[in-house]
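First the structure, in the form of structure tokens, and then the observations on it.
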Amino acid sequence: MFRESSKDGFSFKVYQGAQMTLLTMDLVQQPAAGTFAGFTLEYTGPNSTRRPIKNLLNFAGTDSITSSVDSPFQAFKWVHFPGSYSRDPVPFGNWDYHATPRFFDANQKLLPFDVGRTVTVTIPVGDFSKGGLEIGFTRAFLKSQAYASHYGARTKLKPAGEWLFDMTKKAGTKNGHDFTYADMYVWLGYTARRQIYETLDEALNDNTVEVEMFAYDLNDPGVAQRCLDLAAAGRIRMILDNAALHHVTQPGKPPTEEDDFEVRFNAAAAAGAELFRCRFGRYSHCKIIILKKNGAAFRVLTGSTNFAITGICVNANHILLFDRPDVAGYYSDVFNNVWQVGKAAPFRTTDFSTKTKKFTAAGFPRTEITFSPHDDTRAAEVLDEITALIQKPSTQSVLFAVMEMGDTSTGTLIRALRDLHKNDSIYTYGVTDNSSGDISLYKPGRKNGLLIDATQAKRELPPPFKTEASLPGHAIHHKFVITNFNRSTARVWCGSSNLALGGEKANGDNLICIKDDDVATAFAIEAMRLTDHYNFRSVREPDIGPPNQEPKKLDDTGAWVNKFFDPDDIRFVEREVLA
């Protein structure tokens, strides 16, 4: 969803996401040379005063976070992530966003704020929910200025020793304030962590609710303890991956965290609680929690988020929560088909593997679900269908975040996504954790899209930026692709599937297609914040230069705006697509 307003040749469009808001600005005409300073962006939250969004950059290049009243944003889009620099929960409700164009005088000094130029748009901020579908994301900002400011770049993400530890233990001190591991995890896990915990807590707090659960990685202390408590209550059945990275078979080697969990589960389990280990052809790769009452499923949580500290607190991941008995029932049917079998060969012959399940109820975003593993023909068909749509001439934008794109031999889709940035007739941003060196960073005067490799985003940031934390795991763990995000033809593919042929043949996974422009927009905002975040950490200015650079500061010449009005620059294309 978006809302917009305009005044005197300036337009302001605001897109709603999942506790994230995309602010986009446009000017009918390019400002005269040397006159345009940028945009002051402000917000008025529920029951709060009007506040400016802060800018990490300023005209002096000093080490301070300043108001965009004094340091306007020199960009035509900005993803506002409420609470990034606060540990307090974000108040939900209607927020007023205010955007004001700013100008220089003849001496290149910032002219006073002119409230008469301000345009205001009101839009809801909070959890994303539509027709029984909720969407959540991890913050995935361990490598960020905000994390370094809150908790310190060198703070350990977990204590040494026991993996099932007390998260209320002190993790460190920053700016005179002690903080716990739970404090860090709540901030990093953002909405996804809360949704996972709340789903399990609902079962724990209602002794008529039972749980069916697929888990791949499982070492988050909060998730694991909740599952053990449900086992003690006799109200959970779990399918847990037992591939080599999760299960030790060689004598003398220490147990994995998943193996240790299995021992604890079996020791705690009351009648009705059971744990089954399997891996299909390669991995039991789903991340699913199904809630049931009186034998009938009524809610299901799925997505890309592993139930592990890295999955929740380090990786960029998404959660889908279907509050619908029909969808939950379908997932429960799959679970019970897999239960005590968990092998690829028999599953490939089921309707779950050979057919796509479609949900088209009124008011519910049209949703299609496929479960793997598939046979060779079906696996190729599933991926080829997505490839055909992103290559369709009528497709105007493709945004994506896909963990693994290094192997181009694994189906048509990965190859197509890696090649998209070469096509300058389409607006495309993509971010991955492995592109095998095939990247496309932003360069002025070039229309082709961006393909960012987050693992290569290691440059030493110039002053005034501080040292950031290193990443103990994947930065990007998402598996989603979006087409035409702000049009009625929008689609998003997401879930646990790595979107690769090998996984579709050998892994237990679910791949979800949602045909809804509001859902696609929420995912698109996530894609944009990640590509912007890691592009900045990859590009040096000038384009090739030493790691120790002059302090980065705002442009006081007005030349920064030129790329946004150059038809041969991707920033121009982006401005037109968004506005």
Donor-acceptor pair, distance only, cut-off 3.5 Å: does the side chain of [X] make one with the backbone of [Y]?
{"X": "Ser68", "Y": "Leu41", "result": "yes"}
{"X": "Ser332", "Y": "Gly329", "result": "no"}
{"X": "His477", "Y": "Thr310", "result": "no"}
{"X": "Thr256", "Y": "His246", "result": "yes"}
{"X": "Asn306", "Y": "Ala308", "result": "no"}
{"X": "Asp241", "Y": "Ser284", "result": "yes"}
{"X": "Asp220", "Y": "Gly222", "result": "yes"}
{"X": "Asn315", "Y": "Asn317", "result": "no"}
{"X": "Tyr185", "Y": "Met167", "result": "no"}
{"X": "Glu212", "Y": "Ile290", "result": "no"}

| note | Taken in chain and number order and not counting sequence neighbours, the residues that satisfy side chain to side chain contact (heavy atoms under 4.5 Å, CB included) with Ser496 are His285, Cys286, Lys287, Asp509, Asn510
| query | Who pairs with Glu262 by side chain to side chain contact (heavy atoms under 4.5 Å, CB included), at least two apart in sequence or on another chain? | reply |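 Residues passing side chain to side chain contact (heavy atoms under 4.5 Å, CB included) with Glu262: Asp259, Asn266, Leu275, Arg277.
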Do the side chains of [Y] and [X] get nearer than 4.5 Å, heavy atoms only?
{"X": "Ile135", "Y": "Ile319", "answer": "no"}
{"X": "Phe128", "Y": "Val519", "answer": "yes"}
{"X": "Phe307", "Y": "Met213", "answer": "yes"}
{"X": "Asn434", "Y": "Ile476", "answer": "no"}
{"X": "Val211", "Y": "Arg235", "answer": "no"}
{"X": "Phe480", "Y": "Val402", "answer": "no"}
{"X": "Cys494", "Y": "Lys479", "answer": "no"}
{"X": "Phe73", "Y": "Thr40", "answer": "no"}

Do the ring planes of [X] and [Y] sit parallel (below 30°), tilted (30 to 60°) or perpendicular (above 60°)?
{"X": "Tyr15", "Y": "Phe485", "result": "tilted"}
{"X": "Phe335", "Y": "Trp339", "result": "parallel"}
{"X": "Phe81", "Y": "Tyr190", "result": "tilted"}
{"X": "Tyr147", "Y": "Trp187", "result": "tilted"}

If I take atom [atom1] from residue [X] and atom [atom2] from residue [Y], how far apart are they, to the nearest 0.5 angstrom?
{"X": "His98", "Y": "Leu23", "atom1": "NE2", "atom2": "CG", "result": "11.0 Å"}
{"X": "Glu210", "Y": "Asn294", "atom1": "CD", "atom2": "CG", "result": "9.0 Å"}
{"X": "Asp532", "Y": "Arg537", "atom1": "CG", "atom2": "CZ", "result": "10.5 Å"}

| query | So, for Gly311 and Thr305, which heavy atoms are closest and what is the spacing to 0.1 Å? | reply |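 Closest approach of Gly311 to Thr305, heavy atoms only: O-CG2, 3.6 Å.
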| query | Does the pair Glu134 and Ser129 meet the rule for a side-chain hydrogen bond (donor to acceptor under 3.5 Å, both in side chains), with working shown? | reply | CA-CA 4 Å; Glu134 292 183 23; Ser129 178; 4.7 Å; no
| query | So with a 6.0 Å cut-off around CG of Asn47, is the heavy-atom count from everything else above 12? | reply |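 Counting other residues, nucleotides and ligands, CG of Asn47 stays at 12 neighbours or fewer.
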| Lys54 atom NZ, neighbour heavy-atom count above 12 within 6.0 Å |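 Not more than 12 within 6.0 Å, no.
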| request: Determine, step by step, whether Leu399 and Met528 satisfy the side chain to side chain contact (heavy atoms under 4.5 Å, CB included) criterion, reporting the C-alpha distance in whole Å, the side-chain angles of both residues, the deciding distance to 0.1 Å, and the verdict. | output: CA-CA 8 Å; Leu399 303 172; Met528 289 181 198; 3.8 Å; yes
| Does Tyr197 have Arg226 sitting over its ring (NZ/CZ under 6.0 Å from centre, angle to axis within 45°)? |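 The answer is yes; both the distance and angle limits are met.
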Single hit among [options] for side chain to side chain contact (heavy atoms under 4.5 Å, CB included) with [X]:
{"X": "Phe400", "options": "Val492, Thr531, Leu451", "answer": "Leu451"}
{"X": "Thr302", "options": "Ile289, Val327, Ile288", "answer": "Ile288"}
{"X": "Leu291", "options": "Val209, Val300, Leu301", "answer": "Val209"}

Can you list everything that forms a salt bridge (Lys or Arg N to Asp or Glu O under 4.0 Å) with [X]? Sequence neighbours excluded, please.
{"X": "Glu42", "value": "Arg50"}
{"X": "Arg299", "value": "Glu202, Asp323"}
{"X": "Asp206", "value": "Lys293"}

Quick check on the 6.0 Å ring-centre criterion: do [X] and [Y] meet it?
{"X": "Tyr331", "Y": "Phe371", "answer": "yes"}
{"X": "His318", "Y": "Phe523", "answer": "yes"}
{"X": "Tyr283", "Y": "Tyr216", "answer": "yes"}

Any side-chain donor paired with an acceptor under 3.5 Å for [X] and [Y]?
{"X": "Thr122", "Y": "Asn94", "result": "no"}
{"X": "Thr521", "Y": "Gln16", "result": "no"}
{"X": "Glu404", "Y": "His474", "result": "no"}
{"X": "Asn507", "Y": "Arg282", "result": "yes"}
{"X": "Thr455", "Y": "Asp433", "result": "no"}

| task | Start with the C-alpha distance between Trp163 and Phe261, add both sets of side-chain angles, then the distance that settles side chain to side chain contact (heavy atoms under 4.5 Å, CB included), and finish with yes or no. | result | CA-CA 10 Å; Trp163 69 273; Phe261 174 83; 4.1 Å; yes
| message | Taking the basic N atoms (NZ, or NE/NH1/NH2) and the acidic carboxylate oxygens, is any pair closer than 4.0 Å for Glu162 and Arg264? | response | yes
| said: Test of understanding: with side-chain hydrogen bond (donor to acceptor under 3.5 Å, both in side chains), list the residues that count as partners of Tyr181, not counting sequence neighbours. | reply: none
| Checking side-chain hydrogen bond (donor to acceptor under 3.5 Å, both in side chains) for the pair Asp127/Gln19: CA distance, chi angles, key distance, verdict? | CA-CA 6 Å; Asp127 289 340; Gln19 286 198 30; 2.9 Å; yes
| task | Go through the steps for Tyr97 and His80 under the test side-chain hydrogen bond (donor to acceptor under 3.5 Å, both in side chains), then give the verdict. | result | CA-CA 10 Å; Tyr97 282 97; His80 186 221; 2.9 Å; yes
| query | Where do Asp183 and Thr180 land on the side-chain hydrogen bond (donor to acceptor under 3.5 Å, both in side chains) test, with the steps shown first? | reply | CA-CA 5 Å; Asp183 291 331; Thr180 67; 3.2 Å; yes
